[in-house]
Amino acid sequence: MSPVQSAQVCGFSKEVTFGTFVPPTNFVPGIANPTTSTKVARPEQSRGTRDYVVDALVGEECGLTVSAELIPEVLSQLFAGWMGIGSDTKTGAAAEGYTHNLVPKNTVPSYSFEVDSDITSQVLARQFVGCDIDQITVKGTQQAIATAEFQMIGQREITPTTPGLPSNPTPVISTLQPVDFSLMSLEYLGGSYTELQDMTLTLMNHVQRVFSSNKQIYAVRLVPTRREVTFQTTLDFLNVKLYEAWIKGQQIGATEGETAFNFKWETAYKIVGSTGETHKYVIELAVPKVRPQGQFNLASASDVLNQQISWSALLGTGGGVVTAKFINAESAALA
């Protein structure tokens, strides 16, 4: 039977030791695209022929990209992986839902990933270890489901204990409904606005591989370098405050206690295991301080005017260039 993309299973677990595989306990309702590449050296030597006679394998790199609808469960752990170890402050209880407040830290955890491209036959499983979350991209547009894309940089790909067979043949994948971008609320400097038509929020760790004399051809370690957060917006041309921010090029949210942008989704269904209809899943992403950058674009004259602005995030007074809050049924700390 040929592989079917919808039958793919992508699971992950946090590693205890960097580069040591841990069988997956969390499964992403999305599609993973793994990549493994090798670097070959072909030195030119005088061997009495014009043909290459030496083909030496000198490097191996791997990674994967996971694309999924934005849901309140499971993906929150990958967000916390980008934020770093110790980033999660957890409160709450099962009856009301657990609140996870995430503030970026400098050290990020590593993960093991397992991708089984055809769960029906279970002969196409691949395993990746030492994976750091390099980049997260959250996208949304009106009347559509919000999505998240996670780009991982791994240390290496390994062979499963039984080649091709997954370590967990009975995965449990979340069936929770994703969030509709149109139901998101936008706060700008503490005020509520309805102008946002679409947005792309990009969180970057700029992870680099470090190669050294480790008796292997793969990286000895991964290093997250400069953290960077940018986002692009398309807004209905009604908010003069946003236009003024761009025309002046000023920092937004520079005053202590202000939050420039706060994006919040609240589901229409209650948290599994909670009591009462008021306990809903929540996803909240806050960018405390930003500066508009680049060109300011308007729609064509034949269309409704909107404003397309690019923003660069800066470190806020709360200790993070971006913060996140998840209210869900995940009882353990996310990071």
Side-chain angles (χ1 to χ4, degrees), residues 65 70 78-84 87 101-106 108 132-141 146-151 153 181 184-193 195-208 223-265 283-299 305-325:
T65 300
L70 190 60
L78 295 181
F79 273 93
W82 183 89
M83 293 281 184
S87 62
N101 289 296
L102 305 178
V103 177
K105 301 294 182 181
N106 285 331
V108 300
D132 284 0
I133 299 177
D134 179 47
Q135 181 172 307
I136 302 176
T137 304
V138 179
K139 295 183 179 181
T141 188
T147 62
E149 181 180 275
F150 302 87
Q151 294 181 20
I153 289 181
F181 176 77
M184 187 196 74
S185 62
L186 167 66
E187 287 188 357
Y188 174 65
L189 295 178
S192 296
Y193 295 93
E195 287 85 359
L196 187 63
Q197 295 179 321
D198 66 57
M199 55 88 81
T200 299
L201 178 66
T202 306
L203 316 176
M204 294 167 279
N205 269 329
H206 292 294
V207 176
Q208 295 184 13
V223 181
T225 57
R226 181 70 65 183
R227 181 183 289 118
E228 183 181 5
V229 175
T230 62
F231 66 107
Q232 291 75 42
T233 58
T234 300
L235 303 113
D236 195 8
F237 196 77
L238 297 175
N239 193 335
V240 177
K241 291 177 65 176
L242 290 168
Y243 173 75
E244 289 179 341
W246 175 83
I247 200 79
K248 295 176 182 179
Q250 62 189 22
Q251 291 186 12
I252 309 301
T255 304
E256 185 174 358
E258 286 185 336
T259 296
F261 286 93
N262 194 76
F263 309 100
K264 181 179 180 181
W265 291 268
I283 299 173
E284 191 170 335
L285 302 173
V287 185
K289 186 191 294 187
V290 298
R291 184 191 293 277
Q293 61 182 16
Q295 297 181 339
F296 180 85
N297 298 314
L298 291 174
L305 286 181
N306 58 43
Q307 46 189 332
Q308 296 171 348
I309 304 178
S310 297
W311 308 82
S312 178
L314 305 169
L315 182 64
T317 55
V321 67
V322 63
T323 61
K325 181 168 76 173

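One-based numbering along the sequence shown.
A donor-acceptor contact shorter than 3.5 Å is absent between the side chain of D198 and the backbone of G140. Looking at R226, its side chain never comes within 3.5 Å of a backbone N or O of M204 through a donor-acceptor pair. Although no hydrogens or angles enter the test, the distance criterion places no donor-acceptor pair under 3.5 Å between the side chain of T234 and the main chain of Q197. The main-chain N or O of I309 is found under 3.5 Å from a side-chain atom of T233 such that the two form a donor-acceptor pair.
E149 places none of its side-chain heavy atoms less than 4.5 Å from the side chain of K139. For the pair E187 and K264, the minimum side-chain heavy-atom distance is 4.5 Å or more. Counting heavy atoms from C-beta on, the side chains of N101 and T323 never come closer than 4.5 Å. Side-chain atoms of F181 and T147, non-hydrogen and from C-beta on, never get closer than 4.5 Å to each other. With a 4.5 Å cut-off on side-chain heavy atoms, S87 and V103 do not count as touching.
Atom CG of L235 is separated from atom OH of Y193 by 11.5 Å, given to the nearest 0.5 angstrom. The CH2 atom of W311 lies 10.5 Å from the CD atom of Q293; values are rounded to the nearest 0.5 Å. Atom OG1 of T259 and atom NZ of K289 lie 11.5 Å apart (nearest 0.5 Å).
Across all their heavy atoms, G320 and P288 have their closest contact at O-CG, 3.2 Å. Across every non-hydrogen atom of L196 and L186, the tightest pair is CB-CD2, 3.8 Å. Between V207 and I153, the closest heavy-atom pair is O-CD1, 3.5 Å. Nearest heavy atom pair, residue G253 against residue L189, reads N-CD2, 3.8 Å. When all heavy atoms are compared, the tightest approach of L201 to L285 is CD2-CD1, 3.8 Å.
Checked against W82 for a side-chain contact (heavy atoms from CB on, under 4.5 Å), the options L102, V322, D132 give a single hit: V322. Each of T202, L203, N205 was scored for a side-chain contact (heavy atoms from CB on, under 4.5 Å) with I136, with one residue passing: L203.
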Stepwise side chain to side chain contact (heavy atoms under 4.5 Å, CB included) test for V108 and I133: CA-CA 8 Å; V108 300; I133 299 177; over 6 Å; no
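When only modelled atom types and interatomic distance are considered, E284 and N262 share a side-chain donor-acceptor pair under 3.5 Å.
Ring planes of F263 and F231: perpendicular class, angle over 60° (limits at 30 and 60°).
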